[in-house]
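Worksheet: one structure, shown below.
Keep in mind that the numbers below use all heavy atoms, side chains included, and drop hydrogens, waters and symmetry copies. Quick note on labels: first sequence line is chain A, next is B, and so on, each numbered from 1.
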Amino acid sequence: MICQWPILGRIEALLEFRAFPAANPAAMTLKTRFAPSPTGDLHIGSVRTALFCWLYARRFGGQFVLRVEDTDRERSTQESIDAILNGMAWVGLDYDEGPYFQSERFPRYREVAANMLADGSAYHCYCTPEELEAMRAEQIARGENPRYDGRCRERREPRDGIEPVVRFKNPREGVVIVDDMVRGPVEFDNSGLDDLIIMRADGTPTYHFSVVIDDSDSEITHVIRGDDHLNNTPRQINIIEALGLTRPQYAHVPMILGEDGSRLSKRHGAVNVLEYREQGYLADALLNYLVRLGWSHGDQEIFSRDEMIRLFDIEDVNPSAARFSPEKLAWINQQHIMAADIDILSEQLAVQYKRMGIDTQQGPPLKAVIDAFRERATTLEEMAESSWYLFDDVTEIDAKASKKHLRPAVKEPLLALRNHLAEQDPWEASAIHAAIDAVAADCEINFGKLGQPLRVAVTGGSVSPPIDITVELVGKDRSLERIDRALAYIDKRISGSGS
RNA sequence: GUCCCCAUCGUCUAGUGGCCUAGGACUCCAGCCUUUCACGCUGGCAACAGGGGUUCGACUCCCCUUGGGGACGCCA
């Protein structure tokens, strides 16, 4: 059969293309995609968008695709591609297809553009960037909307020495209704849209064009993306219509703002996901925090990965932008640390010690450290920072703490305790506790009056987990040695002050 | 400037016309627990942006104002 409609010819061309896995017409499953452009770090806001896409696919048994939008050869970098891949891997948003790279599909875009040129839905434009710039400036000066006026629409003749771009012939009348899953129907007037460039002079496609083709070729059913794309959607829909393709469902999720309500950026703190890993946040905790920005399930605050998948739905995403709160993230991270699997925690705690240059070979097992510290640390970094004395030498005692707790009066009890402890075998918290109890009773002081000096002696500071556990973790030799040093400090203080 | 979106405690949110004297969470404050710090527990401060409608009845529906955000590139 001979195809008479150019549009059908195009559809056949679409079907023949094999860069994506062949279409399976039998099962049109739900499919979402995350499509970042590799022009910087993987932004925390992008991660939330990716999370929503991933969650939606997982929830309804669909597929999740990763596509790298690197059509801008100038700005795309390998470094940034690595950042995206590493970031996705860290947060554990696994994809069923991809990563696809648009830069590998240039022939495909050229093919579709050529067809559009042939059937008149697109045209060559010979205006130079300078001319366009001038046009915009004039329009703004006149108080008009800056937009391309379509002056090349009817042009037949090329211009010497100018490589043309390809523009899409956007309808001049009528309206486009975007039926958004988050916002409901949103109406745009075609009169407010202009003929956008779909192919640059260098033969590479622009964003609006490549998205449409890729989403269609890879059979994306749900386009879930940031709010900032809502205005772009009618343009893309017009291209879809011109090509006779199927529209996906759209869901434009709200953006994440900084604490001050302006667009989230570096000056608000860490925006690169990988920085959160470095600071000792748990990937699950970060996702938990992110999912609660714009989505909720009753009064529940803490969600495991599985719960998120089981409960998430785009229908429950609210349309307003949310501000990023480091305090709440910290709290959620702590909640996750308290509940997390100990193997995962020790793995990441080890990374933190390593970063700090602390050798954990000599000292208590990491799991014991975690048991003692998990409910008093907001991040793993913090946990490592507050437990250094379990591994490193205490060469200096906090001045304030020693002044307050290592007083002449505690010399006798502390010495007695030292001798008690020297006898302990095995070295464990319950026995240590009993020793402190006994000495305190002997000296007729309460537990705290002896415990706190001991804490200062053994940790060099006034804050630690329960003293018996702390002393156990520090170890017998180290503890005795440190108590001796504290005793010497007290002696020096006695002779020094002449009392 | 034009177009689009949004609007409940400081922040994240619940709330889909009567269940609201507006609930939960973070932060902050007070207290309890306690050998320090945390955890945990109890209590407290704190909001429907303003104005018009619709309705017997509006946080909930409609309109306007105001405020915030976004888009208007040979960036995505």
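- Using a 4.0 Å heavy-atom criterion, one finds that A:T206 contacts the sugar-phosphate atoms exclusively.
- At B:A76, none of the side-chain N or O atoms of A:R75 fall inside 4.0 Å of OP1 or OP2 (strictly under the cut-off).
- Here B:G73 presents its C1' atom at 10 Å from CZ of A:R167, a figure rounded to the nearest Å.
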Q: List the steps, then state whether salt bridge (Lys or Arg N to Asp or Glu O under 4.0 Å) holds for A:R159 with A:E131.
A: CA-CA 14 Å; A:R159 272 218 262 169; A:E131 287 168 337; 2.6 Å; yes

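- No N or O donor and acceptor, one from the side chain of A:R376 and one from the base of B:C39, sit under 3.5 Å apart.
- Rounded to whole angstrom, the span from the NE2 atom of A:H208 across to the P atom of B:G73 amounts to 9 Å.
- Comparing the P positions of B:C19 and B:C12 gives a spacing of 26 Å, expressed to the nearest Å.
- Of the side-chain N and O atoms in A:R263, one or more sit less than 4.0 angstrom from OP1 or OP2 of B:G70.
- A:E301 contributes a side-chain N or O that forms a donor-acceptor pair with the base of B:G24 under 3.5 Å.
- Among the heavy atoms of the strands lying under 4.0 Å from A:F188 are primed sugar atoms or P, OP1, OP2 only; no base atom is included.
- Residue A:E375 has its side chain nearest to B:A38 when only B:U11, B:U35, B:A38 are considered.
- The partner of B:A22, taking Watson-Crick or G-U wobble pairs whose two distances both stay under 3.5 Å, does not exist in any strand shown.
- When each of A:I467 and A:S320 is assigned the nucleotide of RNA chain B bearing its nearest heavy atom, the one mapping closer to the 5' terminus is A:S320.
- Scanning atom types as modelled, one donor and one acceptor separated by under 3.5 angstrom connect the side chain of A:N231 and the base of B:G70.
- Regarding A:I197, its CD1 atom lies at a distance of 4 Å from the C1' atom of B:C74, rounded to whole Å.
- Residue-level contact check: A:A201 touches the bases, meaning some heavy atom is under 4.0 Å from a base atom.
- Protein atom CZ of A:R147 is 19 Å distant from nucleotide atom P of B:A71, rounded to whole Å.
- With distances taken from any side-chain atom of A:Q334 to the nucleotides B:C39, B:U36, B:U11, the minimum falls on B:C39.
- You'll find that the side chain of A:L132 is closest to B:C74, out of B:U13, B:C12, B:C74.
- Distances were taken from every side-chain heavy atom of A:S37 (C-beta onward) to each of B:U13, B:A76, B:A25; the shortest belongs to B:A76.
- Counting any heavy atom pair closer than 4.0 Å across all strands shown, A:T204 reaches no nucleic acid atom.
- When rounded to the nearest whole Å, the span between CD of A:E385 and P of B:A38 equals 16 Å.
- For the 3.5 Å distance criterion, the side chains of A:H43 and A:N272 fail to qualify, holding no donor opposite an acceptor.
- Among the atoms of the strands shown, base atoms are found under 4.0 Å from some heavy atom of A:S462.
- What you find for A:Y389 and A:V463 is that their closest heavy atoms are OH-O, 4.3 Å.
- Distance, A:L473 CG to B:U36 P: 19 Å, rounded to whole Å.
- A:P146 comes within contact range of at least one nucleobase, with a heavy-atom separation under 4.0 Å.
- Distance from the side chain of A:N145 is smallest to B:G1 among B:A76, B:U36, B:G1.
- With a cut-off of 3.5 Å on both pairing distances, B:C33 has no Watson-Crick or G-U wobble partner at all.
- Distance noted for atom C1' between B:C56 and B:C3: 41 Å (whole Å).
- With both ends at atom C1', the span from B:G70 to B:U27 equals 29 Å, rounded to whole Å.
- We find that CG of A:D227 is positioned 17 Å from P of B:G68, with the value rounded to whole Å.
- Looking at every heavy atom in both residues, A:R482 comes nearest to A:V458 through NH1-O, 2.8 Å.
- Among the nucleotides B:A38, B:G40, B:C6, the one closest to the side chain of A:Q335 is B:G40.
- Comparing atom distances between the A:V165 side chain and each of B:C72, B:C74, B:A25 picks out B:C74 as nearest.
- Nucleotides of RNA chain B nearest to A:D468 and A:P319 differ in position, and the one nearer the 5' end is that of A:P319.
- Using a 4.0 Å heavy-atom distance criterion, A:R323 is classed as a sugar-phosphate-only contact.
- Nucleic acid contact class of A:R183 (heavy atoms, under 4.0 Å, all strands): sugar-phosphate only.
- Considering only the side chain of A:W331, B:U27 comes nearest among B:U27, B:A76, B:U35.
- Nucleotides B:U2 and B:U16 place their P atoms 38 Å apart, quoted to the nearest Å.
- Heavy atoms only, all atoms of each residue included: A:P413 and A:V439 are closest at O-CG1, 3.5 Å.
- B:A71 and B:C26 are spaced 34 Å apart, taking the P atom of each and rounding to whole Å.
- Base pairing of B:U16 is not made with any nucleotide, judged by Watson-Crick or G-U wobble geometry with both donor-acceptor distances under 3.5 Å.
- In this structure, the nucleotide among B:G23, B:C5, B:G70 sitting nearest to the side chain of A:D299 is B:G23.
- B:C3: Watson-Crick or G-U partner is B:G70, with both key distances under 3.5 Å.
- B:G31 and B:G18 have their P atoms separated by 41 Å, with the value rounded to a whole Å.
- What you find for A:A435 and A:Q424 is that their closest heavy atoms are CB-NE2, 4.1 Å.
- Counting heavy atoms from C-beta on, the side chains of A:M135 and A:L132 come closer than 4.5 Å.
- Applying side chain to side chain contact (heavy atoms under 4.5 Å, CB included) to A:F168 and the options A:L196, A:L193, A:V212 leaves one that passes, A:L196.
- Side chain of A:M338, nearest nucleotide from B:U2, B:G40, B:C12: B:G40.
- At a threshold of 4.0 angstrom between heavy atoms, the contacts of A:G451 with the nucleic acid are absent.
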(Q) Under the criterion salt bridge (Lys or Arg N to Asp or Glu O under 4.0 Å), I'd like the reasoning laid out for A:D215 against A:R247: C-alpha separation, chi angles, the key distance, then a yes or no. (A) CA-CA 9 Å; A:D215 284 343; A:R247 280 191 208 194; over 6 Å; no

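- On the C1' atoms, B:U66 is 32 Å away from B:G73, given to the nearest whole Å.
- A:L414 has its CG atom 19 Å from the P atom of B:U35, to the nearest Å.
- Note on A:G192: nothing from the nucleic acid sits closer than 4.0 angstrom, heavy atoms only.
- Within the nucleic acid shown, A:H252 has no heavy atom closer than 4.0 Å to any nucleic acid atom.
- Using a 4.0 Å heavy-atom cutoff across all strands shown, A:P466 reaches at least one base atom of the nucleic acid.
- Contact annotation for A:L230: backbone-only contact, meaning every heavy-atom pair under 4.0 Å involves sugar-phosphate atoms and none involves a base.
- Nearest heavy-atom pair, A:Y123 versus A:Y148, reported as atom, atom and distance to 0.1 Å: OH-CE2, 3.3 Å.
- Looking at heavy-atom distances under 4.0 Å, A:G461 makes no contact with the nucleic acid at all.
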